[in-house]
Amino acid sequence: MSDAGRILVVEDDDGQRKLLVAVLQADGWATFEAGSGDAAIELLDKGSEVDVILSDLMMPGTDGRGLLAVVTERWPEVPFVVMTAFATVDSAVELLHAGAHHYLPKPVKLPELRIAVRRALEATRTKRELARLRRKVGLPADVVGVSRQMQQIFETAIRVAPSSTPVLITGETGVGKEVVARAIHGASGRDNFVALNCAALPPNLVESELFGFKRGAFTDATRDHAGLVEVAVQGTLFLDEVAEVPLVTQPKLLRFLQDGEFRRLGDSQARRSNARVIAATNRDPAEEVAAGRMRDDLYYRLNIVHIVIPPLRERPVDIPALADQLVDRLAARYQLARADLTPETVAALAAYRWPGNIRELENVLARALALRSGQRITVQDLPPEIGKVAATGVVGAAAPEPTLPLEEVERRHILRVLEATGGNKLKAAEILGIDRSTLHRKLKQMHGAAALGM
Ligand SMILES: Nc1ncnc2c1ncn2[C@@H]1O[C@H](COP(=O)(O)OP(=O)(O)OP(=O)(O)O)[C@@H](O)[C@H]1O
Ligand SMILES: [Mg+2]
């Protein structure tokens, strides 16, 4: 996609259309024009590459609503911004439900237009980046990860998927261990995904849940029972919180990992299963071994392929895309209209430390989506400890040192925001609250100063 972005303006009033086109071109965007919904469809049909559609609502023939329906059906990746003079709350909600990315009340105000177009272009870019990654590694549609770290993890996941090698996944709570486990399973071609949370069971039940039992093995064992290794015989067995497997059960798990053999509790018959084990824990397994809570031989056996998922605060570039994806997912789940995040909101989310990682981000967005007062999710819709970050404007770790000149603080802040957006200047400019040409100028000045050794 060219950096400029290509905008299709659909408006039946010639004067208004020419004006919009002139404004957008002056901002550096490439434009297409259509005087009706039908002309727009014809243009798209010809294969014109469009990044955003900006459309009037009331038009003769195929009107804005009709065009929106065709676009969501045939070109779902292209965001659709509606302009309408009759923007009631009801019609706005209806349009957003119908798939519009954004709506602008007429007469269109230029700053609002610019923000809407930028957000829409950003959405296109994120969607396309993800689509590329997804094609490369075969990821499910709702998994997000644009950071270098996550891309590497997904590539490892895809590489180990076809074998039956055990995989150990570690990382803080809520970082996406189960998501990665499911991605491996998804790419493996195995039958079923069976999960056991070892921390959710009383220790004495872990073994019978895993390996099953024979009738009469204990008081309540009134009939034979297959364990999860049998349920997942050609599938994937996900052992969550594997550090909680009791020491007495660990040798049996090790045996199973080594040769696929196990016995149901109380049964002398050896059985076999092809289940592939993926184990996860939010503890440090080496520490568990040192503390005597995990057998070292089990640890070595599990540790053949070890995927470490970094906490969200170490990969802030994932936050904007994750937030967008989670808002979509949550809106669908709770039957709410989807809502855009303001640039300040995105900046505040990217700056927060997220001790609860993606699960915490999900909760914060669910709350914001349910309680928001306006059409967009603003900083006021965030819990105060997260919104506060926006007020200080600091992205990343520590606040700037009090002895720095203003210019240096600005320089460092710009570099941090660029880093947080993965070098995306459009997004960075939006977070910084300046337009792209101002950012370009500042970057040029910074390069100039660096070249002069200043
Ligand atoms: N890459 C991702 N893209 C989209 N959503 C994600 C991603 N990673 C995690 N999530 C979401 O975040 C939430 C937590 O993920 P998950 O359950 O996999 O974390 P976990 O590491 O297993 O957490 P815990 O240690 O608490 O078990 C889930 O709702 C999941 O859908
Ligand atoms: Mg989990």
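Whatever order the structure lists them in is the order used to number ligands and atoms, beginning at 1.
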Peer 1: Among protein heavy atoms, which lies nearest atom 19 (O) of ligand 1, and at what distance?
Peer 2: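 For this ligand atom, the closest protein heavy atom is Gly176 N, 3.1 Å.
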Peer 1: With the threshold set at 4.0 Å, does a side-chain nitrogen-carboxylate oxygen contact exist between Arg271 and Glu261?
Peer 2: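 No, no charged N to carboxylate O under 4.0 Å.
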Peer 1: Are Asn357 and Glu172 close enough that a side-chain donor and a side-chain acceptor fall under 3.5 Å?
Peer 2: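 There is such a pair between these side chains.
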Peer 1: Please determine if Val144 has a nitrogen or oxygen closer than 3.5 Å to a nitrogen or oxygen of ligand 1.
Peer 2: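 Checking ligand 1 against Val144, an N or O pair does fall under 3.5 Å apart.
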Peer 1: For atom 7 (C) of ligand 1, which protein heavy atom lies nearest, and how many Å away is it?
Peer 2: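 For atom 7 (C) of ligand 1, the nearest protein heavy atom comes out as Ile358 CD1, 3.8 Å.
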Peer 1: Does an N or O from Glu241, backbone or side chain, lie closer than 3.5 Å to an N or O of ligand 1?
Peer 2: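 There is no such contact.
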Peer 1: With a 4.0 Å cut-off on heavy atoms, is Arg329 touching ligand 1?
Peer 2: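 Yes, that is the case, since the closest heavy atom of the residue is under 4.0 Å from the ligand.
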Peer 1: If you measure from the Lys or Arg side-chain nitrogens to the Asp or Glu carboxylate oxygens, is any gap between Glu244 and Arg283 under 4.0 Å?
Peer 2: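 Salt bridge present between Glu244 and Arg283.
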Peer 1: Tell me whether Val179 has any N or O atom under 3.5 angstrom from an N or O of ligand 1.
Peer 2: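 Yes, since at least one N or O of Val179 sits under 3.5 Å from an N or O of ligand 1.
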Peer 1: Among all protein non-hydrogen atoms, which one is nearest to atom 29 (O) of ligand 1, and what is the separation to 0.1 Å?
Peer 2: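 Looking only at protein heavy atoms, the one closest to atom 29 (O) of ligand 1 is Glu362 OE1, 2.6 Å.
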Peer 1: What orientation do Phe262 and Phe211 show, parallel under 30°, tilted 30 to 60°, or perpendicular over 60°?
Peer 2: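 Parallel: the ring planes of Phe262 and Phe211 meet at under 30°.
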Peer 1: Would you kindly specify which portion of Met150 sits under 4.0 Å from ligand 1, judged on non-hydrogen atoms: side chain, backbone, both or neither?
Peer 2: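 It is neither part, as no heavy atom is under 4.0 Å.
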Peer 1: Could you tell me whether Asp267 and Arg215 make a salt bridge, using a distance below 4.0 angstrom between a side-chain N and a carboxylate O?
Peer 2: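 Salt bridge between Asp267 and Arg215, a charged N being under 4.0 Å from a carboxylate O: no.
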Peer 1: Taking the six-membered ring for Trp, are the ring centroids of His101 and Phe80 within less than 6.0 Å of each other?
Peer 2: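 Ring centres of Phe80 and His101 not closer than 6.0 Å.
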Peer 1: For Arg376 and Asp340: C-alpha separation, side-chain torsions, deciding distance, then whether salt bridge (charged side-chain N to carboxylate O under 4.0 Å, His left out) applies.
Peer 2: CA-CA 5 Å; Arg376 301 203 291 168; Asp340 281 332; 5.6 Å; no
Peer 1: Considering heavy atoms of the protein only, find what lies nearest to atom 20 (P) of ligand 1 and give residue, atom and distance to 0.1 Å.
Peer 2: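 Going by distance alone, atom 20 (P) of ligand 1 is nearest to Lys177 N, 3.4 Å.
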Peer 1: Could you say whether the N/O atoms of Gly145 and ligand 1 ever approach to under 3.5 Å?
Peer 2: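 Min N/O separation from ligand 1 is not below 3.5 Å for Gly145.
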Peer 1: Between Arg114 and Asp435, is there a side-chain N and carboxylate O pair less than 4.0 Å apart?
Peer 2: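 A salt bridge is absent here (no side-chain N lies under 4.0 Å from a carboxylate O).
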Peer 1: Is a salt bridge present between Arg353 and Glu360, judged by a nitrogen-to-oxygen distance below 4.0 Å?
Peer 2: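 Result for this pair is no, no salt bridge flagged.
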Peer 1: Please work out, at 4.0 Å between heavy atoms, whether the side chain, the backbone, both, or neither of Leu322 comes within that distance of ligand 1.
Peer 2: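 Side chain only.
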Peer 1: Which pair of heavy atoms, one from Asn192 and one from Gln234, lies closest together, and at what distance?
Peer 2: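 Closest approach of Asn192 to Gln234: OD1-C, 4.5 Å.
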Peer 1: Can you check which of Glu178, Arg359, Glu360 brings a heavy atom nearest to atom 27 (O) of ligand 1?
Peer 2: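 Among Glu178, Arg359, Glu360, the closest heavy atom to atom 27 (O) of ligand 1 comes from Arg359.
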Peer 1: Would you mind listing which atoms of ligand 1 come within a distance below 4.0 Å of any non-hydrogen atom of Val143?
Peer 2: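 Answer for ligand 1: 1 (N), 3 (N).
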Peer 1: Quick one: does Gly174 get an N or O within less than 3.5 Å of an N or O on ligand 1?
Peer 2: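 Indeed, backbone or side chain, Gly174 has an N or O that close.
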Peer 1: With backbone taken as N, CA, C and O and side chain as the heavy atoms from C-beta onward, which portion of Asn282 lies under 4.0 Å from ligand 1: side chain, backbone, both, or neither?
Peer 2: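 Only the side chain of Asn282 comes within reach of ligand 1.
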